[in-house]
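Given the structure is predicted, the values throughout are model-derived calculations rather than measurements. We use all heavy atoms of the structure for the numbers below, so side chains are in, but hydrogens, waters and symmetry mates are not. Chain naming here is simple, since letters A, B, ... match the order of the sequence lines and numbering starts at 1 in each.
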Protein chains: 2
Amino acid sequence: MKRKTIKDIAKESGFSLSTVSLVLNNHPRISQATRDRVMAVVKKYNFCPNSAARGLASKSSKTLSVVVPNLTRVFSDIYLGEIISGIYERATSQGYKILLDIATSQFIKSQEYLKLLASRRADGMLFIASDIHADYLSVFEDSPYKFLLVNHVFPGKKLNYVSVDYTASARTAAEHLLGLGHRKIGLIAGTNTFTGLQFRDEFIRVCKSWPAGSAQVTWVDGGEEWSQRGGYAAAAKLMAQTPGLTAVMAANDRMALGAMRWLADNRREVPEAVSVMGVDDIQIAAYVNPGLSTIRHDLYQVGIESCNRILQLIKGEITECSDLLPTSLVVRGSTGRVQAS
Amino acid sequence: MKRKTIKDIAKESGFSLSTVSLVLNNHPRISQATRDRVMAVVKKYNFCPNSAARGLASKSSKTLSVVVPNLTRVFSDIYLGEIISGIYERATSQGYKILLDIATSQFIKSQEYLKLLASRRADGMLFIASDIHADYLSVFEDSPYKFLLVNHVFPGKKLNYVSVDYTASARTAAEHLLGLGHRKIGLIAGTNTFTGLQFRDEFIRVCKSWPAGSAQVTWVDGGEEWSQRGGYAAAAKLMAQTPGLTAVMAANDRMALGAMRWLADNRREVPEAVSVMGVDDIQIAAYVNPGLSTIRHDLYQVGIESCNRILQLIKGEITECSDLLPTSLVVRGSTGRVQAS
DNA sequence: ACCATCCGGTAAATCGCTCGACAATGCAAG
DNA sequence: CTTGCATTGTCGAGCGATTTACCGGATGGT
């Protein structure tokens with residue numbers, strides 16, 4: 001039995017091809033009576049319009065490309081999970097599907113990111129994978145392609161983005177620690193993204209220029225993957241090279257958790273001896289002991305908002321986008337007032 | 001500037017439309033000289049054929065649908081991560097793209113799983129999300145649609161699958177524990193999938209019929225999400241209701257880790273007082289202390305193999321598929337010979 | 001009774017590419 | 001000098017929808 005086409009539906013329902021098409025697209029032009037009679041036939045055969053034909057005629061694939069970083073354990077990353085969930089939920093509700101890609105070297109080298117849009121396989125691209133080396137993204141400056149960086153920015157390039165405000169986060173975090181009296185602070189930074197660099201620089205700036213007395217900040221790199229293991233190693237390094245630290249600030253919760261682990265393994269009480277603070281507010285942050293003070297980043301919301309924006313770009317409702325989403329301070333047990341020594 | 005089409009390339013290169021098409025598809029019909037001249041023009045304009053048109057004419061979308069379960073933290077699941085990575089790697093190397101979907105109730109209710117294939121948006125579907133309630137999958141029995149269960153089976157339904165051999169795993173695990181002398185074993189089972197049920201039943205069967213003396217098995221459900229938390233609670237329940245257990249077998253590593261955590265929190269030495277064993281061999285299993293004995297499931301390989309199979313189904317090289325992949329025993333520190341008491 | 005408006009539906013021109021059937025060309029064999 | 005057969009390239013008929021311009025008839029104001 002051959003697959004039914006819109007033509008078969010037209011014939012059987014006694015209406016024209018165009019009428020069926022209009023019904024299928026909920027065009028107001030068609031009366032309810034006609035609509036019902038057509039839909040009856042559609043139901044009867046469980047007809048489903050061919051998406052390639054649709055895409056060809058309408059010049060839109062109703063598909064969004066989502067590109068995630070090529071981390072060894074990408075999908076085990078709750079950070080990405082939240083964003084993708086947000087994107088998925090929004091995209092689906094608007095009738096869009098998601099084409100998944102991983103930014104492997106092959107993906108970059110073969111310019112898949114471009115071909116995906118050039119071939120119209122996707123109407124727009126949500127890029128979660130950028131780092132400071134993603135220079136090839138320049139092709140999207142002033143291009144007709146709909147492109148959006150998700151939770152990243154690219155200073156110096158004219159690229160659309162939706163991101164959490166890392167600069168504001170840094171400020172909030174610094175102010176929290178400074179307010180507790182800390183003046184010797186270790187920073188575990190992420191340096192392979194621009195947002196990570198912004199965070200580091202702003203954190204240091206605020207510490208240096210604190211009215212009640214500037215603080216000394218020593219920073220180390222927490223590693224490419226911003227992982228717990230990286231945080232553990234970074235904490236070790238930090239404590240060794242800078243005696244007298246009273247607080248450790250990590251650029252994300254996973255590294256902060258790693259740092260806390262090191263402190264526990266080496267018998268430094270948190271927060272009595274050392275305060276620890278993270279960024280993101282991942283679920284587990286509330287469950288460790290003591291609870292991890294952190295800056296809440298609503299990544300699900302970043303996903304939602306990113307999707308909203310790319311959809312607006314596609315529809316032409318906006319032509320550019322540079323959103324910074326707010327963050328908030330979450331105080332738990334891991335940070336405390338500096339002890340008089 | 002209008003987007004270039006194959007026609008423009010034909011005009012500029014001086015060849016016919018069909019020739020360009022054949023070149024683009026690497027058809028042997030075309031000589032190298034012609035090929036080169038056409039490709040020069042293609043390169044010049046960075047031309048990329050419209051995929052909708054291509055799909056319409058060729059009746060193939062070169063796209064695979066991957067459906068993942070609707071867990072609260074789907075993407076934080078390393079289990080899925082491995083499988084998806086395997087699928088992605090294979091699919092990409094064969095020129096296929098991946099369309100991601102989550103098996104939400106909305107997805108099920110609206111029959112998206114069917115529409116995806118009926119509309120030819122995807123050439124085939126890899127379903128990682130099935131549980132014992134996925135009765136709606138019956139539509140794929142004897143249907144023309146290319147459908148494959150990934151790491152699941154559906155006894156009683158004629159559905160293609162590629163899965164690890166859970167029955168063999170259960171046997172191997174049981175034999176390991178029985179061989180160490182355990183005769184009172186607690187089992188933390190997963191009961192919302194058929195593979196989970198198979199594992200439980202085979203494990204119990206082997207224990208009961210062990211030649212050297214049958215063992216007593218008490219089992220509890222580890223919860224819908226097979227999580228660490230579920231394992232923790234299950235261990236508590238198990239130890240409370242069955243005194244004298246010398247071993248705890250969990251249907252996956254995450255639950256085993258949860259059980260180990262409970263045992264540590266309650267001062268039972270592993271493996272001296274209680275042996276613990278898991279299934280999967282997730283990365284962290286090697287890093288906990290003591291290392292977790294487990295049955296190795298190569299999920300990345302499951303992804304690779306699943307993708308190979310669905311591609312063969314699509315090409316018509318095979319018409320059905322029921323692969324069971326081998327597993328292997330990994331002995332670490334968490335299991336030991338039962339102590340004389 | 002007349003013309004302007006609406007309303008609901010239709011005809012037909014695309015959309016950009018694939019692929020099977022056919023044509024042209026060259027060359028060895030009869 | 002035909003004929004036969006590769007070898008290469010071209011024609012053109014779809015593929016299955018969308019969408020714009022058009023059309024016939026009912027409505028309604030004067």
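- Atoms NZ (A/Lys11) and P (C/dT10) sit 15 Å apart, rounded to a whole Å.
- The number of heavy atoms from other shown groups lying within 6.0 Å of NZ (A/Lys7) does not exceed 12.
- For the pair B/Glu305 and B/Arg90, the salt-bridge criterion is not met [side-chain N within less than 4.0 Å of a carboxylate O].
- In this structure, B/Ser21 reaches the bases: a heavy-atom distance under 4.0 Å links it to at least one base atom across the strands shown.
- Within residues 46-53 of chain A, no residue approaches DNA chain C, by heavy-atom distance under 4.0 Å.
- Of the possible polar contacts, one joining the B/Asn50 side chain to the B/Ala52 backbone as a donor-acceptor pair under 3.5 Å is found.
- Between B/Phe154 and B/Tyr161, the distance from one ring center to the other does not fall under 6.0 angstrom.
- Rounded to whole Å, the distance from CZ on B/Arg120 to P on D/dG16 is 9 Å.
- A/Leu24 comes within contact range of no nucleotide atom at all, as no heavy-atom separation falls under 4.0 Å.
- A cation-pi contact, defined as under 6.0 Å to the ring centre and within 45° of the axis, is absent between A/Lys4 and A/Phe47.
- Rounded to an integer number of Å, the gap from B/Ile30 CD1 to D/dA6 P is 19 Å.
- The side chain of B/Asn25 places an N or O atom within less than 4.0 Å of a non-bridging phosphate oxygen (OP1 or OP2) of C/dT18.
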Just the table, please: protein N/O against nucleotides 22-25 of chain C N/O, every pair under 3.5 Å.
residue	atom	partner	partner atom	Å
C/dC22	N4	B/Arg29	NH2	3.3

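- Atom CG in B/Leu22 sits about 10 Å away from atom P in D/dT10, given to the nearest Å.
- Counting non-hydrogen atoms under 4.0 angstrom, A/Ser31 reaches the backbone sugars and phosphates but no base.
- Along DNA chain D, the nucleotide closest to A/Leu56 and the one closest to B/Arg35 are compared, and the more 5′ of them pairs with B/Arg35.
- Within 4.0 Å (heavy atoms only), B/Thr19 reaches at least one base atom of the nucleic acid.
- Electrostatic pairing of B/Glu112 and A/Lys97 counts as a salt bridge here, judged by a charged N lying under 4.0 Å from a carboxylate O.
- For the pair A/Ile6 CD1 and D/dT19 P, the interatomic distance rounds to 11 Å; values are reported in whole Å.
- With no hydrogens or angles considered, a side-chain donor-acceptor pair links B/Ser16 and B/Thr19 at under 3.5 Å.
- Remark: C1' of C/dC17 and NZ of A/Lys59 are 13 Å apart, rounded to the nearest angstrom.
- Here B/Lys146 does not pair with B/Asp123 in a salt bridge; the nearest charged N to carboxylate O distance is not below 4.0 Å.
- One atom, CG of B/Leu17, and another, C1' of D/dT8, lie 17 Å apart when rounded to the nearest Å.
- Of the candidate nucleotides D/dT8, D/dT18, C/dC17, D/dT18 has the atom lying nearest to any side-chain atom of A/Arg54.
- Between B/Ser16 and D/dT10 there is a side-chain polar atom (N or O) within less than 4.0 angstrom of OP1 or OP2.
- Counting atom types as modelled, B/Ser18 pairs a side-chain N or O with a base atom of D/dC11 as donor and acceptor under 3.5 Å.
- A centroid separation of less than 6.0 Å is found between the aromatic rings of A/Tyr113 and A/Tyr136.
- One atom, NZ of B/Lys62, and another, P of C/dT18, lie 11 Å apart when rounded to the nearest Å.
- With no hydrogens or angles considered, no side-chain donor-acceptor pair links A/Asn308 and A/Gln312 at under 3.5 Å.
- Nucleotides of DNA chain D nearest to B/Pro28 and A/Val20 differ in position, and the one nearer the 5' end is that of B/Pro28.
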